[in-house]
Amino acid sequence: MSKVIVKKEQCKQCGYCVKHCPKQAISFSADFNSSGFKYAVVDDSKCIACGMCYTTCPDGVFEIRKPD
Amino acid sequence: MGDMVKGNIAMAEAAIRAGMHMYAGYPITPSSEIMEYMSWRAQEAGRQYIQAESELGAMYMVYGAASVGSRVLTASSGLGISLKQEGVSYMQAADYPCVMISVCRYGDGLGSLQSGQTDYLRETRGGGNGDYRNIVLSPSSVQEAVDLVYLAFDLSEKYRNIVVILTEGALGQMMEDCEYPDYKEVPFYDWAFDGKHTNPQPSQMTMDLYERAQRRNALRAEITENEQRWEAVGVEDAEYVFFAYGIPGRIALGIVDDARKRGEKLGVVRAISLWPFPQKAFDAINKDVKGFVTIETADDGQMVEDVALFAKKKGFGDVPCYTITSPPGVPKTVDVLKKFEAIKAGEVKEVF
Amino acid sequence: MAVVKKVPEKIARQVPFCPGCGHGIVVRLIMECVEELGYNDNVIFGKPVGCASLLDNSLDIDIFTGAHGRNGASLTAIKRLKPDTLVISYQGDGDAYNIGFAETMNAAYRNEKFTVVTINNTNFGMTGGQMAWTTMPGQKTTTSVNGRDVELSGLPIKMPEMIATSFDTAYVARGALFTPAEINKTKGYIKKALQAQSDGIGHSMVEVLSPCPTNWHMSPLEAQERIIKELVPYYPLGELKNKGGK
Amino acid sequence: MLKEVVFAGFGGQGVLTAGLILSQVALFSGKKATWMPEYGAAMRGGTANCTVKYSDGRIFSPGQEAPDAIMALNIPSFNRFIKILKPGGIMLIDSDIVTCDTNVRDDVKVVGVPATTIVNELNNPRGLNIVMLGALVKLMGDYSEQEAIDGMNDMFSKKGKNAFEAANTEAFKRGYASV
C-alpha cells in the first residue's frame, strides 16, 4: 500500500508539491483529471512519507500514511 | 399609577423587559438617552452593551449578534439610521431579526436637532439595496412606545424580519406616565449559529434567489394581512379624514375630538403600523368622503403618497389627497386648523 | 498503515480557489489548529467579502456571512455573546485593511477577544486584481496599470505593525507560504493566536503573505518566488507581539 | 379640563424640574400629564423651557399651544412667552429677577413673587423653582397645598432624594403662602 494517497480529482496542478518534495518523488501525470489538470503522481519507491506535499498543497490532494 | 418617564428612557427599559440580550449603538441627538441609559442599565440587568465606533459598526454588531440568535437592539436618528442601511440590508438578506429605534430628527443631510417625520419613506421602503420591507411601528405616546418596543422583538422573531420603531425627537424627549410590562426571559433563538454547525445557513452566493423571493413575497403578504395597526375615530360619516402618525397623530385626534363635539363631521386614522400601511382602515371610511388630509412634520409630505396609493386600491381613487406639513418641532393645532380651513375652502391644491 | 497527515474533517469538500492560491493552505492550517485545540464543535468562522466568501460549501462549520470589511464589528458581538466559542475572522487584505480599516482597527483597539487571520496577496483578488493598500510600489494592477505610484496612493499598509504597536492586544504575527518550513511556522502563529483567544488574553491577529498567481499573472511557483524576493523584505515575518499565555 | 403651563428660565434654575414636579403632582392626583422640553439648538439660546399639560381625560397635543400659565424666571423668558399666554392667563415671575416693565398686556394677569429673596431667607438657593411652583399651584387652583406637596415628595422619594424633603416642603409652603 502506498504511503501517500493522491486524490487526483482535487489536484489543480499548481506544482508546489513537485517543487518542495525533498526526494523529487512527485511528477505530473501524462493524462488529465476531469477538471483538465495534469495531476500529481507519487513515485512510491522514492517517497519517505515526510508530508511536505501535504503541507504545501492548497487543495487537500494528499493524505500521508506510515507503516504501523 | 405610572410615573413620568422620558420616551427614550421608556423605550430602552421596555427593551430590557422584552428580554433584549445586546444593545449596540452610537450616540446622536435626539436618541442619545436610549444609549446613555443602556450603558449602565444593560450591565445591571446582565445584558451586553457595546458603544460602537460608528453607526455602521453598531449595525454590524447587531448583525453579528442576530446571527447567534440573540434579541438585539440599536437606536439612532436621521443620518445615523442612514449609515446603518447597508447592514440593515445585509440582515434582511440573512433573514435575521432585530429591533431598530429611529428617533427622527427633521431634515436631510446633517438635518436639524429638532423633531420631525422626514424619514417616513426611508423606513417604510426598506432603506438599503434590495427588495425588502422593514416592519415599521410608530407610537404616539410614551406608553405606546413601551408597548410597541416590547411587541417589536416578538414580531421581529416571528417573521425573521427587522422591526423599526419610527418615532420623533419630540416623543423621545417628552415625558408621560407609563407602566412597564413584565420582564421576559428569552433564550437565544434555536435556528441560529451555535458553533456546532447545527443550523447550516445558506450562502447568498449559492442560494436559489428566485425561490427565496417567492418565500419572501409570501411572508410579506402574511405580514400585510396580520400586522396592520391603527386607531380610527369618526371615519364612518366623515367629510374629511385625516391620516397622521406619531405626535401629529395625537394632534389629529384632538382636532377630530373637538370638531365632533361641535357637530363637524371629521374623522381620523392614526396609523400605528406604517409598514404594513393600515389599508384596512379604509374599509370603514364614509364612501362620500370629500378628501383625505395627512398631517406631517416634514417639508413636502411623505405619508400622503401611501394614503393616495391605498385610497386608489380601496376604491377612493377620485378622492383628493392633501397634505398639511409643518416646520420642525411639534405642530401647533391652530396652524394645522388654519391650513385645513384653506383646504376646505378650495384654496389648496391636492397632492394626488 | 496509520494516517499521519490528513485534511481536517471539517474541510468536507474541496476549496474552490484558483490553482496555487494560498487560501486553501491557510484554511487548512486554521482548521488543523481548531481541531488540535478541541474546538471542532464550538467554532464560528466569519467570512469576508472577497474570494474567501466562496468558502461556505467547503467547511462544515458555522460560517457567518460578513459584509465587506465589517467582520471586526460583527465578530465583536458574536464573541461577546458567545465568549466560550472560538471566533475566527478570516479576511483578505482588501476586506480587512481597505474597506474594513475602521472596523478592523476598532475591534483591535477595544481588544476584542477573537482572532483575525488576514490573507495579504497585495491586491483585490475576487474583483479582478485591483490595487489594494497592500499593493507594492510599482506593482501593476487593473487600477494601477503603470505600477503603483506611492506619491499618489501612499506606501503599502502594515496593519499588523500598527495593531501590535498601538493597542493592548494579545498576539500579532506575520507568516508566509513559500516553503514547507514557512507554512509550518505560519501554522504555529495561527495556533498561538487561537490559544490566546482560548485563554481569554485578548485580540489576536495573524497576517499571511499569500500567493495570488492569477492576478499576479504568474505561475504558482513564480508567485512563491515573488513573495520571497519582493514581499518579505517589506513585510517582515515573525511574531510582532506575544503577551504570552496564562 | 386641560391645562397648559410653560416653565422658562436660564438653564440651571430648575425650570425643567419644576415642570416635572407639576406633571408628577397631576399623576399623583389621578390626572394625565405630559411634559415636553424645548431641546436642541434653541435651548442653547440662553433659556430652557418645558411645556406641561394635565387633564382628567386624554391629552392630545403635548406641544406648546396657548398656555394657561407661564412661570418665567428671567427677562428673556418673560419677553418671549408673554406673547403666547392665553387671554386671562397667568404670568408668574420672580420679581427679583424679572425687573423689566411687565405691564405689556392688559388681558393677562402678571404675578410677581420675590422668590430670590425668599430662598435667601430660607438659606436654600436651589429651592427657587419650588418656591415658584408653590405659588403657581395656588394660582392655578387645581391641587390643594397638601396634595401638591405629597406628589412632589413622592417624586423625590422615588428618585432616592428624600434628604431634601423638609427643605422642599418648606420652600413650597413659602411660595404657596406668597400669593
Side-chain angles (χ1 to χ4, degrees), chain B residues 1-8 29-30 32-33 77 103 105-107 111-116 140-143 168-179 231 233 244 246-258 268 270 295 297 326 328-337, chain D residues 2 4 6-7 16-45 48-67 83-84 86-87 147 150-160:
Chain B
M1 160 197 120
D3 283 315
M4 297 296 283
V5 187
K6 213 173 214 205
N8 282 337
T29 305
S32 297
E33 290 89 352
S77 172
V103 186
R105 60 201 272 173
Y106 193 104
S112 72
L113 297 177
Q114 287 166 281
S115 188
S140 270
S141 68
V142 173
Q143 183 67 59
E168 307 141 79
L171 192 77
Q173 296 295 322
M174 74 177 271
M175 291 174 114
E176 216 172 11
D177 68 304
C178 84
E179 300 210 29
E231 176 184 7
V233 173
I247 302 272
R250 292 170 76 129
I251 290 166
L253 280 164
I255 289 171
V256 168
D257 185 69
D258 235 32
V268 54
R270 179 177 72 84
I295 304 174
T297 313
S326 54
V330 176
K332 287 190 191 301
T333 305
V334 58
D335 295 339
V336 173
L337 282 171
Chain D
L2 177 78
E4 176 179 336
V6 169
F7 297 79
L16 302 186
T17 304
L20 178 59
I21 297 170
L22 183 65
S23 65
Q24 196 73 37
V25 166
L27 295 189
F28 194 76
S29 309
K31 294 185 194 296
K32 304 295 265 178
T34 61
W35 177 97
M36 174 79 76
E38 180 169 349
Y39 71 97
M43 72 188 261
R44 310 209 199 288
N49 77 81
C50 65
T51 303
V52 170
K53 293 189 174 182
Y54 56 84
S55 171
D56 294 317
R58 182 172 184 177
I59 298 169
F60 294 108
S61 171
Q64 230 166 50
E65 305 263 358
K83 295 174 197 146
I84 64 164
K86 190 186 277 183
E147 202 175 15
D150 289 347
M152 172 177 74
N153 289 339
D154 177 67
M155 171 182 134
F156 285 114
S157 151
K158 281 176 183 157
K159 290 175 186 285

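Residue numbering restarts at 1 for every chain, and letters A, B, ... go by the order of the sequence lines.
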From D:Glu65 atom CD to B:Ile251 atom CD1, the distance as rounded to the nearest 0.5 Å
6.5 Å
Heavy-atom pair count under 4.5 Å with chain D, highest-scoring of B:Arg250, B:Lys332, B:Glu176
B:Arg250
At what distance, to the nearest 0.5 angstrom, does CG of B:Asp177 lie from CD1 of D:Ile59?
8.0 Å
Heavy-atom distances under 4.5 Å only: say whether B:Asp258 touches chain D with side chain, backbone, both or neither.
neither
At a heavy-atom distance under 4.5 Å, which candidate from D:Gly63, D:Ser61, D:Ala26, D:Ala66 has the highest pair count against chain B?
D:Ser61
The interface call for B:Ser115 against chain D, heavy-atom contacts under 4.5 Å, is both
Turns out that what part of B:Pro248 lies under 4.5 Å from chain D's heavy atoms comes down to neither
B:Ile247, part contacting chain D, at a heavy-atom distance under 4.5 Å
side chain
Just so I know, are the side chains of D:Gln64 and B:Val330 near enough to count as touching, which here means a heavy-atom distance under 4.5 Å?
no
Salt bridge check, B:Glu231 against D:Arg58: does any charged N sit closer than 4.0 Å to a carboxylate O?
yes
Heavy-atom pairs under 4.5 Å with chain D - which of B:Met174, B:Lys6, B:Met4 has more of them than the others?
B:Met4
